[in-house]
Colleague: 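This is the structure, below, for whatever I ask next.
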There are 2 protein chains.
Amino acid sequence: MSHRATLHDVAAQAGVSVASASRALIGGSASLEMISKVRRAAKQLGYVPDATARSLRMGGTRQVVFAVDDIGNLNYVAMLRAIEHEFTGAGIRLNVTATGRSERQTLDLVRSMNSGAGDGLIISPLRVTPALRRALLETVVPVVVIGSLHRDVAIDVVSVDSALAVELAVAHLVATGRRRIAFLNGPLDTHPGASRRRGYLAGLAAAGMTPDESVVEVADDFTIEAGRRSTALLIERRPSNTFDAIVAANDLLAVGAISTCLASGVGVPDEVAVTGIDDTEFAASYNPSITSVSIGSAERGKRAARLLLERFAEPTLAPRTSAVHPSLIARASTGVTRGA
Amino acid sequence: MSHRATLHDVAAQAGVSVASASRALIGGSASLEMISKVRRAAKQLGYVPDATARSLRMGGTRQVVFAVDDIGNLNYVAMLRAIEHEFTGAGIRLNVTATGRSERQTLDLVRSMNSGAGDGLIISPLRVTPALRRALLETVVPVVVIGSLHRDVAIDVVSVDSALAVELAVAHLVATGRRRIAFLNGPLDTHPGASRRRGYLAGLAAAGMTPDESVVEVADDFTIEAGRRSTALLIERRPSNTFDAIVAANDLLAVGAISTCLASGVGVPDEVAVTGIDDTEFAASYNPSITSVSIGSAERGKRAARLLLERFAEPTLAPRTSAVHPSLIARASTGVTRGA
DNA sequence: ACCCGATTTGAGAACGTTCTCAACCTTGAC
DNA sequence: GTCAAGGTTGAGAACGTTCTCAAATCGGGT
């Protein structure tokens, strides 16, 4: 096994032409004798077709890239699983890459699509910069964005009303008797950060409450650690700036908020109720279990995959937008005891 | 832009031969005038080299595959990050694929390496079946296994003494005064499942305790849900088969154990202490924070990446094994209050 | 026996790149 | 003015596959 057997070797071994060998293996018109001869030779040599050569000839790797900012967020894992499930049937391999937090890395990835990194791209970017928007538009393969593009560009999008998600959380807290609702947001230069802030303000307005910036904290990332640090700041400012609830912009921030509250002797949900967003497994399993607004991560992944498959089949389709509706799941962190 | 510009187009635009265009862009011997001419033409046409064609010609995609059973396990995310970090410097793209729990899927993936899915494979399999071992040996590209192969095969391995990890947990529980230590294991047909069971028995023996199978449960997966179900069974059998500690075979099982204990009114750590393994972010952030044995996931990822890079440079190297040592991090779930 | 249509086969092009090789041009030394 | 050495260029092969097209073979109907 000094070197992989090629189709040429198989053909020679079977005593037929390369063209016939290809047909026999791939299923073109070939006699039964030819098929069995070639199959035998292929098995004997341990022949495995070269995907690179096939891609070059056929024009198209059967690979789709899924790009995500933080692979450690279970939110994206749910999307990933749904997408993978949708593609395995179609014989498409999914290539997951974490773009990290640097725009540079994201741009490199998007541009690499033009050099044949895959036949399509599903991307869920936290930050949509003008450069990224331009890069996405210049991509030669179809792209589906999970999130928002801020502007009307000719790209398929699966979106969710992120602001509404926060409004639902605020409404739930108001309905369960909370009166001073703090807000633990993620970075404002991200799409979720910006729209969730809008939702927070809208939610307060709907309840006839006036916003108070002294109970609003902006974490520098959507992570547990960032949530911890920002929550500590919120607690420090009490009791002069008091609150009886925290709306966190995602589940990881909510976990950071709860753990910091408890460590500081602030009872959850007795003194402070906490809500998250994403409805990850993390939220359901935490102690106390965390009330969270589902923004349909699995559903969004599924839809993104289908949009891409449809575009593969029909490339001239007009760009489409698919919206998923958020829904709140009440749990112990807002005083709702779990049913059986 | 009906169709991507090729090197041929660039050469025509610049009025030179394809060979010269290639040299000018790649850095072969070429005059300054040639370089600037070709660069200009390339920019003008928006030329991006085709990775597939280059791979075919050069023999080798600059891509490495990382295969993992459960991408939802933060343990693997830590490995992933470390591996990615190691590769980005070398200009290698990492292709992550979750093989799910089916052996079939894993085998397909490993075999796909022979058709050019990547230049190397890092795999962390829960179950090493004879078929998988054979497939790994037949792989034409270098493979690094994170875990264990059960047998002496000519493949690079990064291992950790998984049994010792459990022994450390048992010793810690004994040292903190626990006397009846239950064991919440994962499936026995997995490598971690089997070796952690050995560690549990060894740990008990070292403390002069006799094992009691009525306080041992085997979950059918290394997940929170499975941990919940099995812990419920353990609790059901109390108080006739009582216990004051649970050693869980990983952090997810530990979370399932704690949440089920608390839901059943069993205090943690007062009545029952719980330990996990993997030292994931989950363990550190849970309430109570979970004592866990770190098995150096990030370190193992880093070493695996380096082993692979070294083998790329020196393919004839003898197979090596690199071992990481486990270490226990004590937290609240065993009654240790966290320091500042 | 002959011919027409249908099926099977083989030779070779093509995908886009890099690399080998020979031809060409420059430069400088005698 | 000639020659050698060195650098630069272009033609074409090669990577391994699929596909087009024409040649060859086979079948049956007269």
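Lettering follows sequence order; numbering is per chain, from 1.
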Colleague: Roughly how far, to the nearest 0.5 Å, is the CZ atom of Phe66(B) from the CD1 atom of Ile123(B)?
Modeller: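 Reported value, rounded in 0.5 Å steps: 9.5 Å.
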Colleague: Can you check the Met58(B) CE to dT20(C) P distance for me, whole Å?
Modeller: 11 Å
Colleague: For Lys302(B), is the NZ atom crowded, meaning more than 12 foreign heavy atoms sit under 6.0 Å from it?
Modeller: no
Colleague: Atom CG of Leu25(B) and atom C1' of dC19(C): how far apart are they, to the nearest Å?
Modeller: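 Distance, rounded to whole Å: 15 Å.
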Colleague: Rounded to whole Å, how long is the line connecting atom NE2 of His8(A) with atom P of dC15(D)?
Modeller: 9 Å
Colleague: Could you give the CD1-to-C1' distance, from Ile26(A) to dG16(D), as a whole number of Å?
Modeller: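 Atom-to-atom, Ile26(A) to dG16(D), this comes out as 12 Å.
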Colleague: Does a donor on one side chain and an acceptor on the other come within less than 3.5 Å for Thr129(A) and Glu103(A)?
Modeller: yes
Colleague: Distance check needed: dG16(D) P versus Leu45(A) CG, whole Å only.
Modeller: 14 Å
Colleague: Distances for protein N/O vs nucleotides 9-11 of chain D N/O pairs under 3.5 angstrom?
Modeller:
from, atom 1, to, atom 2, distance (Å)
dT9(D), OP1, Ser31(B), OG, 2.9
dT9(D), OP2, Ser31(B), N, 3.0
dG10(D), OP2, Ser17(B), N, 3.2
dG10(D), OP2, Ser17(B), OG, 3.3
dG10(D), OP2, Ser20(B), OG, 2.6
dG10(D), N7, Arg23(B), NH2, 2.9
dG10(D), O6, Arg23(B), NH1, 3.1

Colleague: Going by the salt bridge (Lys or Arg N to Asp or Glu O under 4.0 Å) test, name the single residue among Arg306(B), Arg81(B), Arg300(B) that passes it with Glu86(B).
Modeller: Arg306(B)
Colleague: Let me know the distance between OH of Tyr47(A) and C1' of dG16(D), rounded to the nearest Å.
Modeller: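 The answer, rounded to whole Å, is 7 Å.
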Colleague: What's the CZ-C1' distance between Arg4(B) and dC15(C), to the nearest Å?
Modeller: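 Between C1' of dC15(C) and CZ of Arg4(B): 12 Å.
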Colleague: Rounded to the nearest angstrom, tell me the gap between atom CG in Leu56(B) and atom C1' in dT17(D).
Modeller: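 Atom CG in Leu56(B) sits about 8 Å away from atom C1' in dT17(D).
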Colleague: Using a cut-off of 4.0 Å on non-hydrogen atoms, how would the nucleic acid contact of Ser22(B) be classed: base, sugar-phosphate, or nothing?
Modeller: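 Ser22(B): base contact, heavy atoms under 4.0 Å.
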Colleague: Between Arg303(A) and Ser322(A), do the side chains contain an N or O donor and an N or O acceptor separated by less than 3.5 Å?
Modeller: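 Checked: Arg303(A)/Ser322(A) side chains pair up, N/O donor to acceptor below 3.5 Å.
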Colleague: Tell me whether the count of non-hydrogen atoms from other residues, nucleotides or ligands lying under 6.0 Å of NE2 in His191(B) goes above 12.
Modeller: yes
